[in-house]
Number of protein chains: 2
Amino acid sequence: MVLDVSERLGFDIKATEVALMARKATALREVGLTVAQYAALLTLRDNPGITGAGLARSCLVTPQAAAAVLKALEAKGLVQRESDDWNRTARPGRLTPEGARILRSADARASRIEQQVHDALTPKQRASLRQLLETCRAALADD
Amino acid sequence: MVLDVSERLGFDIKATEVALMARKATALREVGLTVAQYAALLTLRDNPGITGAGLARSCLVTPQAAAAVLKALEAKGLVQRESDDWNRTARPGRLTPEGARILRSADARASRIEQQVHDALTPKQRASLRQLLETCRAALADD
DNA sequence: TGAACATTATCAAGCCTTTGATAGTTGCCA
DNA sequence: TGGCAACTATCAAAGGCTTGATAATGTTCA
């Protein structure tokens, strides 16, 4: 009745995600960024003026997690957020010139990793993998 | 030259893993376990006497991470490790009866989630997904 | 207008995980 | 036998994530 451990797909998915994260983390450490910080910068580049809450949604994390990353990026001077003079509700953030510079350098490294995965599969295989993962997510959608 | 963000497979893999973890975490919270603790108990059940280092390898984490989880499980009385009288090198761990009991309850809940994913795919699709993920991992293997 | 609801931001506490460093144990072999 | 390499355990610090709770602002609509 209980699924055999070796039959569980979760392990394969996790193992792949862990391997990908490990490679990215190593590559990004050279430019002083964590994977979470890189993901945030990438999202800010494509969505200038996004709020912390919006960033959280894009990155699939809680607003609190996004806020912590934003705080670190602000401290590094890579992101600028509108001042919170007397409690503003939304505080849009955007890359600073330095943030954009660092991101270009980081993206060159990180996208190389993604490219390796990309190149290891044929277009059909990539489409198939996306489709299969989407099916898994659909099966996990609350029910 | 740089891969378009929407084309990166990392996001799909991560999104699926996040969804799976979220569902499991919710299900396991009912029995007072975290996903990491559940994974450790499962590994201990199938490998009685495994060391912290071995557990770390099985769970794809560092020995430090495994040690932290083991410590929490010991504190809960779910795992027992041989005493460290004067600095033993390896300290094998195993489930306590209570640990085995909790694990059965946890596994019933967690494997139900895995079963949902399992059932959403045909045997061919499952094999295909495994194969594609394996190809990704191979592409990521240090080179 | 005013109340209810949704959204945004934060503080706090607790876990998990990593890197880096330290130390004891075991095993192989020159 | 001596010594080096590999393995095991553990402390410490830093990041990132979560749940839970609080507070201020926006929005909708009766």
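FYI, side chains are in, hydrogens and waters are out, and symmetry mates aren't considered; it's all heavy atoms of this structure. Convention: sequence-line order gives letters A, B, ...; per-chain numbering from 1.
Within 6.0 Å of CD on B:Gln80 lie no more than 12 heavy atoms contributed by other residues, nucleotides or ligands.
Proximity of a side-chain donor or acceptor of B:Asp107 to a complementary backbone N or O of B:Leu103 within less than 3.5 Å is not detected. With hydrogens and angles disregarded, no donor-acceptor distance shorter than 3.5 Å links the side chain of A:Arg45 to the backbone of A:Leu95. A donor-acceptor pair under 3.5 Å is absent between the side-chain atoms of B:Thr51 and the main chain of B:Arg91, judged by distance alone. Here the side chain of B:Arg8 pairs no donor or acceptor atom with the backbone of A:Glu114 at under 3.5 angstrom. The backbone N or O of B:Arg109 sits nowhere less than 3.5 Å from a side-chain atom of B:Lys24 that would complete a donor-acceptor pair.
Here D:dC17 presents its C1' atom at 12 Å from CD of B:Glu17, a figure rounded to the nearest Å. In this entry the distance linking CG of A:Leu28 with P of C:dT19 reads 13 Å, nearest Å. The nearest whole Å value for the distance from the CZ atom in A:Arg29 to the P atom in D:dA14 is 16 Å. Atom CD1 in B:Ile50 sits about 10 Å away from atom P in D:dT8, given to the nearest Å. As rounded to whole Å, 15 Å separates atom C1' of D:dG15 from atom CG of A:Leu70. Separating the NZ atom of A:Lys24 from the P atom of C:dT18 is a distance of 17 Å, rounded to the nearest angstrom.
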Nucleotide by nucleotide, nucleotides 8-16 of chain C touches protein heavy atoms under 4.0 Å in the pattern (B base, S sugar-phosphate only, - none) SSBB---SS
